[in-house]
Amino acid sequence: MDYNKYLNKTIVNVKPSGIRRFFDIVNEMDDVISLSIGEPDFRTPWHVRKAGIDSLESGKTWYTPNRGFKKLCQEISGFVSRKYSLDYNPDSEILVTVGGSEALDVAIRCMVNPGDEVLVHQPSFVCYEPLTEMSGAVPVIINTKEENQFRLMPEELEASITDKSKLLILSYPNNPTGAIMRKEDLEALSEVIIRHDLLVISDEIYSELTYSGKHVSIATLPGMRERTVVINGFSKAFAMTGWRLGYAMGPEEIIGMMTKLHQFCIMSAPTVAQYAAIEALSNGDKDIEHMRSEYDMRRRLVVGSFNRLGLTCFEPNGAFYCFPCIKSTGLTSEEFCTRLLRSKGVAIVPGDAFGQCGEGFVRVSYSYSLSHLKEALKRIEEFINEL
Ligand code: PMP
């Protein structure tokens, strides 16, 4: 059967993730030591797992309200108020979703019409461009630069705006670069956003993994709350990737539309995960602190090692990645990663998997134990010395 004849053309035409070819090789090999994953190596804290188990034991196996348990929305509202001075009404301005991933998809689909342009800065998380294409809108890529520590500069945003621009997807702390945006960076950006009347989706999933100063949400700046949907979730802050739980916060009108879409395509986020999340938000501050200080120690080790090897790496102040420059080796990102993998069995991700401007860089995740990191760094050093 010629399935192409029947399948949705927009989805058929979306490019598969650039990471796939590389991981096909990784999967064929034995004894690979990987610094490539994008999830916490920690287990979900026990008291959080226990809350999930208890909910199952007591038979709480039904759907929840479409937007999520009221108690969970209240806890989210309290958490983001306490941590980031964000102010959202739990009854109308918060939607609990299947990971930040669903929140992103639903937000994009509710905020654009076919032909609208969506501004996506890169290097960044791999889903923004395809989700935009699948929504019928047109992604417009903005290349951020190492010399600006991969922050999105106001003049770069301004230069990409046309009369079709509708929405900016802002993603800090950033995967894959580890870059963050300070308050003054966001202020300068918000001036351009407001002047051009853009909407914003701010993906702040790594907000709790900020190592210097406090995370600032763009939605707290004057004139920004009304035009911003903030995405966050439990995967990174609480080491809960497998529970599949995230949330979106924004003006009632947008969250209302998103809830309508969510109701038809998802119904409600997993019940067991919502019980666990209530526990995480009420009693999880110490867990976050513990994991953040562990990541911070690993971050210093890894960044210091790459700089010593001559693969320069600006200080990543967020998430759990560093993004060293490999241009001095004369290899492309893919050649570097493939040769490192084949000769030393170490897997890291070519920077261009996160956008063309990631060429010349590699993404290294430090979400691994110290002994694992040390072994991988030793092998990378051998590889560089043999080049
Ligand atoms: N945003 C970013 C920047 C990410 O890196 C990820 C996961 N790697 C997500 C969103 C999605 O996370 P989840 O669906 O697990 O909440």
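Both counts, for ligands and for their atoms, begin at 1 and track the order of listing.
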*Asks:* So which bit of Lys236 gets within less than 4.0 Å of ligand 1, heavy atoms only: side chain, backbone, both or neither?
*Replies:*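 The side chain, only.
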*Asks:* Going by the angle between their ring planes, with limits at 30° and 60°, are Tyr295 and Phe320 parallel, tilted or perpendicular?
*Replies:*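 Aromatic pair Tyr295/Phe320 classed tilted.
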*Asks:* Heavy atoms, side chains only, cut-off 4.5 Å: are Glu146 and Pro123 in contact?
*Replies:*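 Glu146 vs Pro123: side chains apart.
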*Asks:* Examine ligand 1 and decide if any of its atoms is less than 4.0 Å from a heavy atom belonging to Thr241.
*Replies:*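 No, that is not the case, since the closest heavy atom of the residue is not under 4.0 Å from the ligand.
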*Asks:* What class does the angle between the rings of Phe383 and Phe336 fall in, given that below 30° is parallel, 30 to 60° is tilted and above 60° is perpendicular?
*Replies:*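 Judged by the thresholds at 30° and 60°, the geometry between Phe383 and Phe336 is perpendicular.
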*Asks:* Give the numbers and elements of all ligand 1 atoms closer than 4.0 Å to a heavy atom of Asp203.
*Replies:*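 In order of number, 1 (N), 2 (C), 3 (C), 10 (C).
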*Asks:* Numbering the atoms of ligand 1 from 1, which are under 4.0 Å from a heavy atom of Gly99?
*Replies:*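 Answer, ordered by atom number: 14 (O), 16 (O).
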*Asks:* Check Ile288 against Ala237 and note the closest heavy-atom contact, atom names and distance.
*Replies:*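 Distance-wise, the nearest heavy atoms are CG1-O, 3.7 Å.
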*Asks:* Assess whether a salt bridge exists between Arg227 and Asp197, defined as any Lys/Arg side-chain N lying under 4.0 Å from an Asp/Glu carboxylate O.
*Replies:*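 So Arg227 pairs with Asp197 through a salt bridge.
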*Asks:* Could you check whether any side-chain N or O of Arg299 sits under 3.5 Å from a backbone N or O of Pro316, counting only pairs where one atom can act as donor and the other as acceptor?
*Replies:*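 Confirmed, Arg299 side chain pairs with Pro316 backbone.
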*Asks:* Closest by any non-hydrogen atom to atom 5 (O) of ligand 1: pick that one out of Leu245, Val98, Asn175.
*Replies:*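 Looking at heavy atoms only, Asn175 sits closest to atom 5 (O) of ligand 1.
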*Asks:* Between Tyr206 and ligand 1, does any nitrogen or oxygen pair lie at a separation below 3.5 Å?
*Replies:*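 Among all N and O atoms of Tyr206, at least one is under 3.5 Å from an N or O of ligand 1.
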*Asks:* When you measure from atom 11 (C) of ligand 1 to every protein heavy atom, which one gives the shortest distance, and what is it?
*Replies:*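 I find the closest protein heavy atom is Ser101 OG, 3.4 Å.
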*Asks:* Hey, is Ser235 touching ligand 1 through its side chain, its backbone, both or neither, going by heavy atoms under 4.0 Å?
*Replies:*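 Looking at Ser235 and ligand 1, just side chain atoms fall under 4.0 Å.
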*Asks:* Glu208 and Arg292: which non-hydrogen atoms are nearest, and at how many Å?
*Replies:*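 Between these two residues, the closest heavy atoms are O-NH1, 2.8 Å.
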*Asks:* What atoms of ligand 1 come within less than 4.0 Å of a heavy atom belonging to Arg244?
*Replies:*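 In order of numbering, the contacting atoms are 13 (P), 14 (O), 15 (O).
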*Asks:* Taking the inter-plane angle between the rings of Tyr368 and His372 on a 0 to 90° scale, is it parallel (under 30°), tilted (30 to 60°) or perpendicular (over 60°)?
*Replies:*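 Parallel, since the angle between the ring planes stays under 30°.
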*Asks:* What protein heavy atom sits nearest atom 16 (O) of ligand 1, and how far away is it?
*Replies:*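 Residue, atom and distance for the closest contact: Gly100 N, 2.6 Å.
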*Asks:* Just need the protein heavy atom nearest to atom 9 (C) of ligand 1, so name the residue and atom and give the distance.
*Replies:*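 Nearest protein contact, heavy atoms only, for atom 9 (C) of ligand 1 is Phe125 CE2, 3.4 Å.
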*Asks:* Heavy-atom pairs closer than 4.0 Å: do any link ligand 1 to the side chain of Tyr128, the backbone, both, or neither?
*Replies:*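 It is the side chain that gets close, since no backbone atom is under 4.0 Å.
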*Asks:* Where's the contact between Glu39 and ligand 1, heavy-atom distance under 4.0 Å: side chain, backbone, both or neither?
*Replies:*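 It is neither part, as no heavy atom is under 4.0 Å.
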*Asks:* Give a yes or no answer on whether the side chain of Arg363 reaches the backbone of Asn175 with a donor-acceptor pair at less than 3.5 Å.
*Replies:*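 Not a single qualifying donor-acceptor pair exists.
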